[in-house]
Amino acid sequence: MTATQPALRTTSASQAGNESGSDIPTHDELIERARALGPFLVERQEETERNTRPGEDIHQAFLDNGFYKVLTPKRYGGYQKNAWTFLRLAIELARYNPSAAWSFTLGHSHAFTAAAFFSPEAQDELFGDDGYLHAASFAFPRGEARRVDGGYIINGAYPYGSGSAFSNYYMGVVPAPAGSPHAPEGAPISFVAKRADYTIGDDWGAVLGMRGSGSATVTITDAFVPDHWVIGQPFTALGAYGGSTPGSVYHDDPTYAMPQLAFATTYPPALVIGMGLGALDTYAEVIKKKAPERIPGISDAATMAAKVKAEVPEYQRVFGLASMEIEAAEALMKSVCDGLAEMGAKGSVDPEQNVSLGLRTGYAGRLVWNAVNEHLWRTGGSSQALDSAKMQRYFRDIATWYTAPGNGQRDSMAQMYGMVKLFGPPAPPEA
């Protein structure tokens, strides 16, 4: 039986979900919309991996349900939701299709970046008439920029373009050229390039996990970027250091004063929490159907009497431990969002809190990795390692995240946190 996208009460235009001026869905309504798409998304897991990117039908389903409006300001027809609603939606989508959720989450997250840190003039242009802003990005400086009248000509190849398949912009970082009014020569500056100025490669998919995330290389060729589409710092350095951001003032919302780096560190671990829930769902399906291995004279009485594995105390214990760790990870992520909201409301970036939140997100992901690797994968049975098994896909996807630099720096972040706790934050650099 083929699962189809559930009908929504209103769908129209490229940014559907709710029309501007009508009721904005609540947090719970958005999560319920994602949950209703669950069978549709699960059925497309294999296809998404095979095509190395989400299909047009998934993209359209996300449009129809208003998911691309979650972080978009209301003045552009968006829902203007907070960090927790965005991340909880990401968790729910990743539960059913990790690659599609990864593509959506990393792409739509840049609606926050645009709305928070660019000038009102730039925002009005970037969000345009329909409010759709979906961008791939790469955090580290690459490529080259040449100064021209009114802006820059930028060229460069940027790998790991998650979300590029349905992007209409690219957000990158490039070394400032000589004569830049934004930063000294060689210092990193951030920019936005239009879709017409870049191509998306066909170099993604030969990887352990996240094969369907569409994280291909984006190549920018002779892109003219006007000055007001450039910020004189790397995206990772942006925050409300002066009490506000352009967006927190323009939209009268402290959500847009959250520090970019601390918010960005939440996306992958939130997706991993969703993958953990998907693995837990899969494990439950398996142990409720499969009979336990019964070895006369060795297996205990409960195992010998059980019709399915779910009736065996050992599997119940494993399921309980994994559930607890994943629930704890989600609770940690919610606490991070509370901390982000607090910093946004204060209009400041607290160094100790910033490091603490980043460390917490990494630890949330580590809890999920332990739940899946140590409990579910270890006891799931060899059939779950088959290419056709959903559990194998969840395991591969989480294992791939576990190699990422943001996660790999967890020990370094712990050292930074310990230093700040012991001796206080470092002194600001001298002017």
Side-chain angles (χ1 to χ4, degrees), residues 27-28 30-31 34-35 38 82-102 104-106 109 209-210 213 258 261-284 316-342 353-380 390-391 393-414 417:
H27 171 101
D28 290 342
L30 283 166
I31 306 311
R35 192 169 293 127
N82 60 23
W84 177 237
T85 294
F86 173 61
L87 294 178
R88 189 59 190 80
L89 177 63
I91 288 169
E92 198 64 27
L93 293 174
R95 183 176 196 163
Y96 308 117
N97 193 314
S99 284
W102 188 280
F104 160 76
T105 303
L106 271 67
S109 70
M210 306 310 305
S213 63
M258 296 187 303
L261 180 58
F263 187 34
T265 61
T266 64
Y267 317 151
L271 290 160
V272 166
I273 292 169
M275 296 173 208
L277 290 170
L280 200 64
D281 293 340
T282 302
Y283 190 84
Q316 295 169 358
R317 183 187 69 82
V318 165
F319 191 80
L321 286 171
S323 297
M324 178 273 297
E325 289 186 318
I326 295 169
E327 289 166 11
E330 186 171 333
L332 269 178
M333 190 58 66
K334 176 62 168 64
S335 76
V336 170
C337 291
D338 292 342
L340 287 169
E342 183 180 324
Q353 189 175 23
N354 212 23
V355 176
S356 172
L357 297 181
L359 187 58
R360 236 180 283 177
T361 62
Y363 193 72
R366 185 177 183 179
L367 282 170
V368 177
W369 169 251
N370 191 71
V372 174
N373 180 53
E374 181 61 25
H375 301 308
L376 305 182
W377 180 254
R378 181 176 62 83
T379 64
K390 286 187 295 182
M391 181 65 79
R393 184 173 296 113
Y394 287 117
F395 178 81
R396 286 190 287 104
D397 289 343
I398 296 171
T400 298
W401 164 80
Y402 207 59
T403 69
N407 172 65
Q409 296 302 312
R410 186 175 57 245
D411 290 342
S412 297
M413 191 167 287
Y417 186 51

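Since we're looking at a predicted model, the values are computed, not measured.
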Considering the options W401, F395, Y394, which one meets the ring pair (Phe, Tyr, Trp, His ring centres under 6.0 Å) requirement together with W369?
F395

Evaluate salt bridge (charged side-chain N to carboxylate O under 4.0 Å, His left out) for K334 paired with D338, printing each intermediate quantity in order.
CA-CA 6 Å; K334 176 62 168 64; D338 292 342; 2.8 Å; yes

When the ring planes of Y283 and F319 are compared, do they come out parallel, tilted or perpendicular, using 30° and 60° as the limits?
parallel

Side-chain touch M391/L376, heavy atoms, less than 4.5 angstrom
yes

Could you walk me through whether V372 and M275 pass the side-chain contact (heavy atoms from CB on, under 4.5 Å) check?
CA-CA 9 Å; V372 174; M275 296 173 208; over 6 Å; no

Shortest non-hydrogen contact from L357 toward S335:
CD2-O, 4.5 Å

Taking side chain to side chain contact (heavy atoms under 4.5 Å, CB included) as the test, write out the residues that go with T265, two or more places apart.
L261, T361

Side chain proximity check, C337 to F86, heavy atoms < 4.5 angstrom
no

Flag side-chain contact, heavy atom, 4.5 Å: T266 against L340:
yes

Hits for side chain to side chain contact (heavy atoms under 4.5 Å, CB included) against N82, two or more places apart or cross-chain, chain-then-number order -> W84, T85, T255

Does any non-hydrogen side-chain atom of N373 lie less than 4.5 Å from one of R378?
no

Does a donor on one side chain and an acceptor on the other come within less than 3.5 Å for T400 and R396?
no

Should H375 and M324 count as side-chain neighbours, where that means a heavy-atom distance under 4.5 Å?
no

Please tell me if the side chains of T105 and L93 come closer than 4.5 Å, counting only heavy atoms from C-beta onward.
no

If we only count heavy atoms from C-beta on, is the I91 to L271 side-chain gap below 4.5 Å?
no

Which heavy-atom pair separates M333 from A270 by the least distance, and what is that distance?
CE-N, 3.7 Å

L367 side chain reached by Y363 side chain, heavy atoms, under 4.5 Å:
yes

